[in-house]
Amino acid sequence: MTIRLYDTSARQIRDFTPLVPGCVSIYLCGATVQAAPHIGHIRSGLNFDIMRRWFAYRGYDVTFVRNITDIDDKIIKKSAEHGRPWWAIGYENEVAFNAAYDALGCLRPTYEPRATGHIPEMIEMMRGLIERGHAYAADGNVYFDVKSFPGYLQLSNQELDDLRQPSGEGETGKRDPRDFAMWKAAKEGEPSWETPWGRGRPGWHLECSAMAHKYLGAAFDIHGGGIDLIFPHHENEIAQAKAFGDDFAAYWTHNAWVTMSGEKMSKSLGNSLLVSEMVKRWRPIVLRYYLGTPHYRSMIEYSEEALREAESAFARIEGFVQRVVEKTGPVEPAAEVPQAFAEAMDDDLGVPQALAIVHTTVRQGNSALTADDKESAVARLAELRAMLGVLGLDPLDESWSGGTDRGTDLHGVVDSLVRLVLEQRQAARSRKDYATADAIRDQLQQSGLAIEDTPAGPRWSLS
């Protein structure tokens with residue numbers, strides 16, 4: 001079956017046809033590193049990590065580029081407020097973003113270019129746009145002339161006459177207030193680079209057009225990002241790239257937000273939940289399950305209750321994995337995922353439908369264990385590991401069992417404490433004090449633990 005994706009520019013789901021057979025090129029707008037990431041920031045990275053993994057499973061050679069915006073108005077403002085160099089703030093938060101991606105199991109991108117490392121490419125693109133009559137210099141700024149590009153606003157489906165283009169401080173000399181800045185004239189105390197039009201720094205949009213051109217060429221397959229980037233960022237990227245002569249992206253894919261009380265999670269709302277803090281309270285693999293399993297185009301309304309439900313759902317998956325491994329030893333992933341899972345993933349990355357197949361497989365595997373059908377249980381675990389591997393959620397994968405998961409450490413501590421209590425229960429049973437043994441079991445169950453007596457001894461899990 002052909003992979004199908006919702007294309008924002010076409011406003012419909014389209015069959016995916018790669019520009020180069022057997023290859024797929026993806027450009028994802030990455031972090032603007034003015035602050036450490038909250039779970040809303042990291043959702044985009046997770047969604048496109050799953051996309052990348054699915055293309056790889058389907059046999060594609062994937063080139064995945066995720067940029068870093070390490071210079072912009074917010075970073076400069078924070079630098080002034082805190083009296084720290086802009087580059088120190090950017091690098092500190094770049095490290096925090098990469099730590100968050102790593103913690104939640106995202107594969108590293110093929111290339112991860114920084115904006116400040118590509119000033120020559122930006123100058124080259126501006127020079128070409130000026131020569132072609134699509135841009136002009138004024139007061140040290142360089143602006144894109146939006147009326148010179150007939151396809152402007154097609155992605156966001158707006159009318160130019162209705163447009164109110166946001167302008168920043170110092171953006172003087174515009175011929176039309178709707179024109180946008182590709183390059184901003186230098187201000188005292190701010191970072192700047194030399195150009196033929198004077199010293200200055202990049203506008204937000206130019207960097208991505210220039211870096212996509214460098215790493216993926218004049219045409220590539222998929223451009224991704226959050227829905228909040230459709231306008232102005234992606235709209236302006238398209239204008240710059242196509243006016244320069246590039247075909248640019250063939251498909252546009254956008255993920256929805258993580259919200260709180262119906263509002264986009266953001267620093268300005270004061271409702272962000274930093275990944276670095278969340279992984280102290282929740283196992284990283286559970287956070288990945290919570291953020292990665294809703295459909296990428298669906299909003300996630302954050303709540304502690306929803307996270308607890310995700311934790312319980314994933315515990316059921318882990319419980320089955322653990323029981324089979326205890327009975328039979330290690331089980332390798334199957335070579336192929338079940339057909340129904342593949343059909344769901346091919347259909348616009350239908351992770352919720354694919355996840356239903358995961359849980360069905362777990363139920364079938366548990367039934368096989370109850371019937372002492374080890375062969376069927378092993379077969380179901382092999383299928384399960386193949387599916388979880390695509391989603392980046394295989395608890396037996398070395399990325400989750402390498403000792404860096406704080407949740408695993410906490411599990412060990414809890415395990416030791418519970419085993420002490422279970423030893424007391426076993427001692428009570430040995431002396432036929434069944435009332436005490438039952439009371440201990442009931443107390444553990446009230447604490448959210450399920451106790452199962454097995455031939456190998458009692459085993460606990462989250463109820």
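Numbering starts at 1 and runs along the sequence shown.
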Q: Taking only Lys NZ, Arg NE, NH1 and NH2, and the carboxylate oxygens of Asp or Glu, determine whether Arg297 and Asp348 approach each other closer than 4.0 Å.
A: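 Yes, charged N to carboxylate O under 4.0 Å.
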Q: Using a strict 4.0 Å threshold on nitrogen-to-oxygen distance, state whether Glu304 and Arg281 make a salt bridge.
A: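 Yes.
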Q: Is the centre of the Phe55 ring less than 6.0 Å from the centre of the Phe16 ring?
A: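 Yes, they do, as the ring centres are separated by less than 6.0 Å.
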Q: Any chance you could measure Glu112, atom CD, to Arg66, atom CZ, to the nearest 0.5 Å?
A: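 Rounded to the nearest 0.5 Å, the CD-CZ separation comes out at 4.5 Å.
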Q: Measuring from atom OH of Tyr6 to atom NE2 of His295, what distance do you get when rounded to the nearest 0.5 angstrom?
A: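 So the OH of Tyr6 and the NE2 of His295 are separated by 11.0 Å.
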Q: Got a second to check how far Leu393's CG is from Ile317's CD1, nearest 0.5 Å?
A: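 Here the interatomic distance stands at 7.0 Å.
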Q: Answer yes or no: is there a donor N or O on one side and an acceptor on the other, between the side chain of Lys184 and the main chain of Gly203, under 3.5 Å?
A: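 No: the side chain of Lys184 does not pair with the backbone of Gly203.
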Q: Show your working on ring-ring contact (aromatic ring centres under 6.0 Å, His included) between Phe320 and His359 and close with a plain yes or no.
A: CA-CA 10 Å; Phe320 168 65; His359 284 287; over 10 Å; no
Q: Under 6.0 Å between the ring centres of His205 and His234?
A: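 No, too far apart.
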Q: Hey, what's the ring geometry for His213 with Phe244, parallel, tilted or perpendicular (30° and 60° as the breaks)?
A: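 Aromatic pair His213/Phe244 classed perpendicular.
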Q: Check whether Asp246 reaches the backbone of Phe248 with its side chain - one donor and one acceptor, N or O, closer than 3.5 Å.
A: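 No, the answer is negative, given that no donor and acceptor are paired below the 3.5 Å cut-off.
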Q: Is any side-chain N of the basic residue among Asp176 and Arg178 closer than 4.0 Å to the acidic one's carboxylate O?
A: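 Looking at Asp176 and Arg178, the cut-off is met.
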Q: Write down the atom of Ala10, the atom of Arg14, and the distance for their closest heavy-atom approach.
A: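 Looks like CB-CD, 3.8 Å.
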Q: Can any side-chain N or O of Gln34 pair as donor or acceptor with the backbone N or O of Lys74 at less than 3.5 Å?
A: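 Not a single qualifying donor-acceptor pair exists.
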Q: Centre-to-centre under 6.0 Å for Phe180 and Tyr143, is that the case here?
A: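 Centroid distance Phe180-Tyr143: not below 6.0 Å, so no.
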Q: Answer whether the closest heavy-atom distance between the side chains of Met299 and Ile227 falls below 4.5 Å.
A: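 Yes, side chains in contact.
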Q: Taking Asp15 for its side chain and Arg4 for its backbone only, find out whether a donor-acceptor pair lies under 3.5 Å.
A: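 No, because the side chain of Asp15 does not come within donor-acceptor range (under 3.5 Å) of the backbone of Arg4.
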Q: Would Ser156 and Glu235 count as a side chain to side chain donor-acceptor pair (under 3.5 Å) here? Give the steps.
A: CA-CA 7 Å; Ser156 56; Glu235 200 72 79; 2.5 Å; yes
Q: Check the pair His223, Tyr251 against ring-ring contact (aromatic ring centres under 6.0 Å, His included), reporting the backbone distance first and the verdict last.
A: CA-CA 6 Å; His223 195 310; Tyr251 298 80; over 10 Å; no
Q: Just by distance, no angles: are the side chains of Asp7 and Gln12 close enough, under 3.5 Å, to form a donor-acceptor pair?
A: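 Looking only at side-chain atoms, Gln12 and Asp7 do not form any donor-acceptor pair under 3.5 Å.
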Q: Between CH2 of Trp400 and CD1 of Ile285, what distance do you get to the nearest 0.5 Å?
A: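 Atom-to-atom, Trp400:CH2 and Ile285:CD1 are 5.0 Å apart.
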Q: Ignoring hydrogens and angles, tell me if any N or O in the side chain of His134 forms a donor-acceptor pair with the backbone of Ile130 under 3.5 Å.
A: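 Answer holds: no.
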Q: When you check the gap from the basic side-chain N to the acidic O, do Arg385 and Asp394 get nearer than 4.0 Å?
A: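 Yes, this pair counts.
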Q: Output the distance between atom CD1 (Ile3) and atom CE (Met51), rounded to the nearest 0.5 Å.
A: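 Ile3 CD1 to Met51 CE: 9.0 Å, rounded to 0.5 Å.
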Q: Using atom types as modelled and distance alone, determine if a side-chain donor or acceptor of Tyr60 lies under 3.5 Å from a backbone N or O of Arg52.
A: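 Flag not set: sc Tyr60 to bb Arg52 has no pair under 3.5 Å.
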Q: If we ignore hydrogens and angles and just use 3.5 Å, is the side chain of Ser298 paired with the main-chain N or O of Pro294 as donor and acceptor?
A: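 No; judged by distance alone, with no hydrogens or angles, the pair does not exist.
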Q: CG/Asp221 to OG1/Thr17 distance, rounded to the nearest 0.5 angstrom?
A: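 If we round to the nearest 0.5 Å, Asp221:CG and Thr17:OG1 are 9.5 Å apart.
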Q: For residues Ile123 and Trp197, determine if any side-chain heavy atom of one lies less than 4.5 Å from a side-chain heavy atom of the other.
A: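 Side chain of Ile123 against side chain of Trp197, heavy atoms only: contact under 4.5 Å found.
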Q: Can you name the side-chain contact (heavy atoms from CB on, under 4.5 Å) partners of Ala88, sequence neighbours left out?
A: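 Once residues adjacent in sequence are excluded, the partners of Ala88 under the side-chain contact (heavy atoms from CB on, under 4.5 Å) criterion are Arg84, Pro85.
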Q: Which word best sums up how the rings of Phe97 and Tyr101 line up, parallel for under 30°, tilted for 30 to 60°, or perpendicular for over 60°?
A: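 Phe97 and Tyr101: tilted rings.
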Q: Check this for me, if you would: do Glu311 and Arg308 make a salt bridge, where the nitrogen-to-carboxylate-oxygen distance has to be below 4.0 angstrom?
A: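 So Glu311 does not pair with Arg308 through a salt bridge.
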Q: Show the numbers, then the answer: is there a side chain to side chain contact (heavy atoms under 4.5 Å, CB included) between Met345 and Leu349?
A: CA-CA 4 Å; Met345 293 298 291; Leu349 302 176; 4.2 Å; yes
Q: Please lay out, stage by stage, how Tyr136 and Phe144 fare under the test ring-ring contact (aromatic ring centres under 6.0 Å, His included).
A: CA-CA 7 Å; Tyr136 58 94; Phe144 187 90; 9.4 Å; no
Q: State plainly whether the residues Glu190 and Lys77 are in salt-bridge range, i.e. N to O under 4.0 Å.
A: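 No, no charged N to carboxylate O under 4.0 Å.
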Q: Are the side chain of Arg288 and the backbone of Gly105 linked by a donor-acceptor contact shorter than 3.5 Å?
A: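 Side chain of Arg288 to backbone of Gly105: a pair is present.
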Q: Strictly below 4.0 Å, N to O, side chains only: are Asp102 and Arg108 in salt-bridge contact?
A: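 Counted as a salt bridge, because a side-chain N and a carboxylate O are separated by less than 4.0 Å.
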Q: Between Glu124 and Arg127, is there a salt bridge with N-O shorter than 4.0 Å?
A: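 Looking at Arg127 and Glu124, the cut-off is not met.
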